[in-house]
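Atoms considered below: every heavy atom in the structure, side chains included; atoms not considered: hydrogens, waters and symmetry mates.
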Amino acid sequence: MKSVRIEREVDFSRIEKKWQEKWERAKIFEAKEDKKKEKYYVLEMFPYPSGSGLHMGHAFNYTVGDIFARFMRMQDFNVLYPMGYDSFGLPAENAAIKNNVHPKKFTEEAIKNFIKQQKSLGLSYDWSRMIKTSDKEYYKWNQYFFLKFFEKGLAYRKEANVNWCGKCNSVLANEQVHNGKCWIHKDTEVEIKQLKQWFIRITGYAEELLREIQKLDWPERIKIMQRNWIGKSEGSEVDFEIENKKNNFVLLHGFTGSPDKNFFPWLKKELENKGNKVFAPKLPNTNNPNINEQVEHVLKNVKFNENSVLLGHSLGSIVALKVVESLNKPVKKLVLAAGFIDPTLVSEEKPYKKIFDWKFDFEKIKRNAKEIIILRDLYDDSVHKLQAGRLKEKIGGEIIDFEAKEAHICGKQEPVVLNYCLEKWPVFTTRADTLFGVTFLVVSAQHPKLMGLVSEKQKKEVEKFLKKTKSTKQEEIDKMEKEGVFTGSYAIHPLTKEKIPIYAGNFVIAEYGSGMVMGVPAHDQRDFEFAKKYKLPVKQVVQEENKIIVIEKSLEPAFYKKIEEFGRVAKKNGLVYIYTDKINDVFELAKINFIDFPWYIHSEGNIKKIMFHSEKEDKIFDWSNKQELKNTKEYGLKIGIKREQLDFDEIREAYEGFGVLVNSQDFYGLFSDEAKEHIAIALQEKGLGRKSMQYKLRDWLISRQRYWGTPIPIIYCSDCGIVPVPEKELPVELPENVKFGKGNPLETNEKFVNVKCLKCGKKARRETDTMDTFVDSSWYYLRYLDNKNDKKPFAPDKAKYWMPINQYIGGAEHAVMHLIYARFFTKVLRDLGFVKINEPFPKLFNQGMIHGEDGFVMSKSRGNVIDPIDISSRYGADTLRLFLISVASPDKDIVWSKSGVEGSRKFLRKVWDYFENIKFGKISERAEHKINKTIKAVGDEIRYFRYNFAVIKIREMFEFMISEREISKEYLEKTIKILSPFCPHMAEELWEKIGGGGFVSLEKWPEFDEGKIKEEFDKAEEIMEKTISDVKNILKLMKEKQGKEGEKIYLYVLPQEKELYDAKDIGSKTGKEVKIFAVNDKSKYDPQGKAQKSRAGKPAIFVE
RNA sequence: GCGGGGAUGCCGGAGUGGUCAAACGGGACGCGCUCAAGACGCGUUAGCUCAGUGCUUGCCUAGGUUCGAAUCCUAGUCCCCGCACCA
């Protein structure tokens, strides 16, 4: 039959529009809670509605999600698939300034455009659940949550070094700084500013956030990024006592006491011996005290400054509190020994009940004492145990429990009191094994407490250094040689009691650990260079060992035992590490145990390889290689040199590896890992250290000095301090009438800023910072569940039904921002009782990035951007969808290709044409096989996001069907169904065309009939293909060699295989006349006797 | 520097011990259909050889394990991504 050439342009856009409207009118994608059905929540990361509309990355992301949602819907799940807009944010505000449009208007228009574009792609969202974070109905709940966080102490305000982007005109969270630059303005260096800002205490959840990563079904790289970001390190905290001659100690005795009683004389002497100034005034009327009189006495006789350390014992601690309260400058430290504060805990009989009025300005005390220590004797007989706790609630600080030498801390000597009077600085290290190698300490140049360490003599120099550091860009410091300056202070090594100089350095991070590091030049390269530069001593405490590495499997137990006599043996990753200085003995042993040298025994013997690790040249020698063996021997002789003395001429670098401890008192001879433990325990016993964890994760800075965001619901009153806006007054609305231009428009908006204090009614100021937009996106997935609720952020039972999100889909760019914040938020909401789940997104899929035809990431500046809407209006949304997912696996980056798009369109046209010329009838077994097999495969491919494979299989199926004469309606329906998640519009149209009824989108995924899948058909197909190709080859050769055109083709096949061959098919594909004979056919035509060549699966061929 | 991923034919990209000269798509080329095609159909697309066979080379490089390697091991080169003075 001659095919009719019809120039049909399929009107995709008409069809697509038609079905989009039908879907919308019938509301078929709206989801309701239905307890009888299993729910499935599919979600894509919602977009920031930029003015330029949808880009190809969006189209890709949503296509991936939509296919999944449609598939799961057809699998009979109750699918929730919503969409919304992350509509607060900087670009809208910047556009406002630039084009004089209000951000609200700008955003609303952008969203309208987005919705239109998304609808044109045929995405099956439940639009009734749409949310916009810039709606007050949404951000009200941001404020609500903020207040809940505030109540729980999870939101707090503090002054800190923060990252400031000049272009954003705002501070940024740590997560938003990439390589020292702003995440949005990649050309803008982030400055460090000291500002008072709001933080969210995400660090409190660091451990859980880290621990639960392993349970997540996420791409491995995202998990790794999160782990790195949280950055846990295990180590020890070591307390270094600071020998600071500037400290002024003020010791205040208690009721009936005096500076000559209890531990006071001893303490005074101890402190003075360390070079401190000590005042221990005798307080008036010791036996019948009047607090005010005592406080006055102290204030009159003692001068306080920022280096003052107050110690109050018993009633003296009340005096100390009162003194601190009345000062107008902060003091360094307040130590309260056996003190008390809560009148309800004081019994009636006690005489001091009426001594003073129990009223304190706790806030002021908190401000005036930079450090507070509360010492509590566990066996105190005169002060209630709970007192310390109550006190801590009021003024903060740290409670130290201990057993005093005498009850109520009255011993002649109280070492704990001395210990806590002294200034100490904890230093975090992961290498406690190198503690004895510390020859200097370095404190961060940015550390707020730095100047307290600087001596008068060094002041000038330190200031000069700080000035220089401040004027240098962070980026340069990173590359520069590390610099520092001596502070003039010394610390006391906790174990050796040596004096150790303290430097200020430009490379130490103030916020990590305690902001001070120990310098171990022998075992840390950076410290080594620092020491070299400033001529500081180098002390080796870890000695590298020789080690032999053997594959574990190769060792016989007996041999293993013997090796242990030569040194320490450790197993790791299937290898045995033998640490020994008796290399040659091990060699000998190996010789004795294995008749031949081990390196000769590869395959037959037990030892496959013995490798030797050389200290001199970091190289592993393979003994199975004869040439290597020779080298090994040479190197073998050189080992065993002990490096006792080190000087800079000899060594070029630090030894950072592990080994055996030397020069380390009792810890000599321990291996690094053991030594870490032992040293930590030893320190702990002496109260000089402890094992500890450190996280890189910092608290989340949420303040933004911008207008277009959620106002932080806080008021500042000069009398009441921080006053949270009560829940019933929410939302704190963003005023619309504001002036844009310089800085934050909220600040200049008098109406917004000036309020009455909600507590005292006096004049107060409203917080003008808004929240980071990542707050908005941290819980938006919950608002979809109940987007019209005006009483609650969402109903808990709805959250219970829908959460967690079964499948989350988005790009990798949010690995450590949105994804970590949202996880954190969910955990807090769980602890606040809003949800019952631990993780919002147990399954995450990352789609790849789209590159332009030039291979680079699509970007305006490169000019390689392709607008998805352009493509869908020209080729159809189905074509675009099909192309995007057929290039490669959706998790891979893909390269845009115009011809690829055309290829996809071509295929759809083919399918369309097939349906135009369809003939209903009986289906062949082969077709049943093919279609069933495809249904089976496509389902699995979608489940595992191998959409590209699904497409290949669908294509193959249709290619096959086209060659079929007729097909049953039942099977035809099945094929449309499996096409529908990918190309929903066309599927609906075809469905209608064949009279399917209703929407194919709501049909159930077809079952496949395993019984109809018969692999013989695939085999037959293969044989046919091969035969045809053979025939063609012969025809070609005949023409070339003999100059003859073959006319007739005769195939001789085995009788049992005759069924597999289809003469017509071969005929049509070769354009020749074909005859098939069974080899045992007596009447066959076979002039050349070819038939005897016939074999199974391979017919003999004769052409003439 | 640390951590992760990758390198496959003209291109995009499958494949992770034999069924692999390597899916699928695109491109190019040839043939057919045509007045003609950018439309459709068929085929070719490492080289040699050839009545459908056989051989060689081949999946970044160099070695190795194995009866057998694109696939496993060792070393190296290059590319991409993330973090980066984290004590």
The criterion is side-chain contact (heavy atoms from CB on, under 4.5 Å); which residues satisfy it with A/Glu511, sequence neighbours excluded? A/Asn161, A/Ile509, A/Arg698
Just N and O in the side chain of A/Lys892: are any of them under 4.0 Å from OP1 or OP2 of B/A14? yes
Under 3.5 Å for both pairing distances: what stems, at least three Watson-Crick or G-U pairs long, include RNA chain B? B:1-7 with B:77-83, B:10-12 with B:24-26, B:27-32 with B:40-45, B:46-48 with B:54-56, B:60-64 with B:72-76
May I have all residue pairs that pass side chain to side chain donor-acceptor pair (under 3.5 Å) and include part of residues 223-234 of chain A, sequence neighbours excluded? A/Glu175-A/Trp229, A/Glu207-A/Lys232, A/Gln226-A/Arg823, A/Ser233-A/Tyr512
Footprint string (nucleotides 4-12 of chain B, 5' to 3'): B base within contact, S backbone only, - free, heavy atoms under 4.0 Å: S-------S
Scan A/Arg955 against the nucleic acid and name what it touches under 4.0 Å (heavy atoms): base, sugar-phosphate only, or nothing. sugar-phosphate
Respond yes when some side-chain nitrogen or oxygen of A/Ser899 is under 4.0 Å from OP1 or OP2 of B/G25, and no when none is. no
Quick one: list whatever passes side-chain contact (heavy atoms from CB on, under 4.5 Å) with A/Lys691, sequence neighbours left out. A/Glu677, A/Ala680
Looking at every strand, decide which applies to A/Gly231 at a 4.0 Å heavy-atom threshold: base, sugar-phosphate, or nothing. nothing
Suppose we screen for side-chain contact (heavy atoms from CB on, under 4.5 Å). Which residues come up paired with A/Ala491, at least two apart in sequence or across chains? A/Phe240, A/Ile242, A/Leu441, A/Ile502
Looking at the side chain of A/Val517, which of B/C24, B/A87, B/G3 is the nearest nucleotide? B/A87
Which residues share a ring-ring contact (aromatic ring centres under 6.0 Å, His included) with A/Phe60, sequence neighbours left out: none
Among all residues two or more places apart in sequence or in another chain, which pass the side-chain contact (heavy atoms from CB on, under 4.5 Å) test with A/Tyr944? A/Arg946
With heavy atoms under 4.0 Å as the rule, sort A/Ala812 into base, sugar-phosphate or nothing. nothing
Donor-acceptor list for residues 884-894 of chain A side chains, cut-off 3.5 Å, not counting sequence neighbours:
| residue | atom | partner | partner atom | Å |
| --- | --- | --- | --- | --- |
| A/Ser886 | OG | A/Leu882 | O | 2.7 |
| A/Ser886 | OG | A/Phe883 | O | 3.3 |
| A/Ser889 | OG | A/Asp891 | OD1 | 2.5 |
| A/Asp893 | OD1 | A/Met849 | N | 2.8 |
| A/Asp893 | OD2 | A/His851 | NE2 | 3.4 |

Identify whether any heavy atom of A/Ser233 sits under 4.0 Å from a base atom; if not, whether one sits that close to sugar-phosphate; answer base, sugar-phosphate or nothing. sugar-phosphate
